[in-house]
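Small disclaimer: the values here were computed from a predicted structure and weren't measured. Every chain is numbered from 1, with letters handed out A, B, ... down the list of sequences.
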There are 2 protein chains.
Amino acid sequence: MKATNLAKVFKALSNEHRLELFQLIYSQCQLEESRAQKAGKGCCEGIEKAFTKACGCLDLSRSTISHHFKELQNAGLITCTRQGQTFMCQVNKESVEAVRSFLN
Amino acid sequence: MKATNLAKVFKALSNEHRLELFQLIYSQCQLEESRAQKAGKGCCEGIEKAFTKACGCLDLSRSTISHHFKELQNAGLITCTRQGQTFMCQVNKESVEAVRSFLN
DNA sequence: TTTAAAGTTCGATAACTATCGAACTTTATG
DNA sequence: CATAAAGTTCGATAGTTATCGAACTTTAAA
C-alpha cells in the first residue's frame, strides 16, 4: 500500500469517535469470523444493522455517524451493502493487513 | 493503551508528510537496531542529526518540519534528545507495539 | 567576539474537520 | 395510500491543521 493511502487509513482512525466505531465493527466481525470457522464456514457475512447498532453505542447524531461511516468506507477500511432498510458491514482485511504490516 | 491515546497516535500518522518522516526515522532505527544486535549490543542509540536528515529528504520549510517532529513526539511515537547543535532521535517501541497490537 | 549552523517560536492564512438539526429519500408495513 | 423507520444530504458554525517566512535562541567554530 502506498504512503498516501496508508495516511488515509490513519486519518480515518485519527478521530476518537471514529476509532471507537471501527473497533465496534472490527470486534464484532472477529466474533462472527470465529463463529463461522467453528461452524465450518470459510468466512463471515459481516455484521447486520451496523448503523443502527452504532447509533445505540455512540452519543452522536445520526448525520454525524453517517459521516463517520462514509469516512471509514472512503479509507477502504470497511464495506457496507444495503439490505432493505438497514445495511450489512464488513471489515476490509487487506486494509487492516496493510496497517498491521506497516511496522514490519 | 487507551482509545484516546491510540487516536492521537493515528492522528500523528495521518499526515502524509509526517508519515513519511516517521517511516524515515523508523527504518533507520530498524537498521541501527540490527546492526547493534550483530555487534552484540542490546539496543541502538537512536539516529543522529534526525532533523538535519529530514530537512534533506522532505520538501518542506524547517519550521514545518520542526512542527511535525513535535507532533510525533507529542503522540509518543518518538523521543528526541539534544546533542550539541543537532539532536538524537529514537522510536518509542511501546507506542509502535500499541499500534501493532491494536488489530490483534 | 563575531559569525554561522541548527532549530524554535510567532503570527498569519487557507484549507479541512466534526458536529448539529432540518429536510430529504428510500424501503417496509398497516 | 399513509405512516414510520432507517439513513442521507445540506448548510452552517466552530474548531483544528498545515504551511510559510521572519525573527529569535542556542551551540559551536573562526
>> Distance check needed: C:dT17 P versus A:K8 NZ, whole Å only.
In response: 11 Å

>> Is the ring pair B:F69/B:F87 parallel, tilted or perpendicular, if the boundaries are 30 and 60 degrees?
In response: perpendicular

>> Measure CZ/A:F87 against C1'/C:dT26 and give the value in whole Å, please.
In response: 14 Å

> If only side-chain N and O atoms of B:S66 are considered, is one of them under 4.0 Å from the OP1 or OP2 phosphate oxygen of C:dT8?
Replying inline: yes

>> I want to confirm an ordering. Mapping B:T52 and A:R82 to their closest nucleotides on DNA chain C, which one lands closer to the 5' end?
In response: B:T52

> Under 3.5 Å, side chain of A:R100 to main-chain N/O of B:L103, donor-acceptor pair present?
Replying inline: yes

> Atom CD of B:E71 to atom P of D:dA18: distance rounded to whole Å?
Replying inline: 6 Å

> Considering the options A:L13, A:V9, A:N15, which one meets the side chain to side chain contact (heavy atoms under 4.5 Å, CB included) requirement together with B:F10?
Replying inline: A:L13

> According to a 4.5 Å side-chain heavy-atom criterion applied to Ile, Leu, Val, Met, Phe, Trp and Tyr, with indirect links allowed, do A:M1 and B:V96 form part of one hydrophobic cluster?
Replying inline: yes

> What closest approach, in Å, do B:L21 and B:A54 show between heavy atoms, and which atom pair accounts for it?
Replying inline: CD1-CB, 3.6 Å

>> For a quick test of reading the model: is some side-chain N or O of B:K49 closer than 4.0 Å to OP1 or OP2 of C:dA6?
In response: no

> Backbone N or O of A:Q23 within a donor-acceptor pair of the A:S27 side chain at under 3.5 Å?
Replying inline: yes

> For B:K70 and D:dA18, what is the distance between atoms NZ and C1' respectively, to the nearest whole Å?
Replying inline: 16 Å

Which atoms of nucleotides 19-23 of chain D (N or O only) lie under 3.5 Å from a protein N or O atom, and what are those distances?
residue: D:dT19; atom: OP1; partner: B:H17; partner atom: ND1; Å: 2.6
residue: D:dT19; atom: OP2; partner: B:H68; partner atom: NE2; Å: 2.7
residue: D:dC20; atom: OP2; partner: B:S61; partner atom: N; Å: 2.9
residue: D:dC20; atom: OP2; partner: B:S61; partner atom: OG; Å: 3.2
residue: D:dC20; atom: OP2; partner: B:T64; partner atom: OG1; Å: 2.9
residue: D:dG21; atom: N7; partner: B:S63; partner atom: OG; Å: 3.4
residue: D:dG21; atom: O6; partner: B:S63; partner atom: OG; Å: 3.1

>> Check this for me: does any side-chain nitrogen of one of B:K93 and B:E33 sit under 4.0 Å from a carboxylate oxygen of the other?
In response: yes

> Within this structure, what is the CZ-to-P distance between B:F69 and C:dA6, rounded to whole angstrom?
Replying inline: 14 Å

>> From CE of B:M88 over to P of C:dA6, roughly how many Å is that when rounded to an integer?
In response: 16 Å

> For the side chain of A:K11 and the backbone of A:A75, is there at least one donor-acceptor N/O pair under 3.5 Å apart?
Replying inline: no

> Distance check: side-chain N/O of A:K11 vs OP1/OP2 of C:dC16, anything under 4.0 Å?
Replying inline: no

> OP1 or OP2 of D:dA18 less than 4.0 angstrom from a side-chain nitrogen or oxygen of B:R18, does that happen here?
Replying inline: yes

>> Between B:S95 and B:G76 (side chain of the first, backbone of the second, donor and acceptor by atom type, cut-off under 3.5 Å), is there such a pair?
In response: yes

> Whole Å only: how far is the CG atom of A:N74 from the C1' atom of C:dA18?
Replying inline: 15 Å

> For the pair made of CG in B:L13 and P in D:dT17, what is the distance, rounded to whole Å?
Replying inline: 14 Å

Shorter than 3.5 Å, N or O on both sides, protein versus nucleotides 28-30 of chain D: list them out with atom names.
none

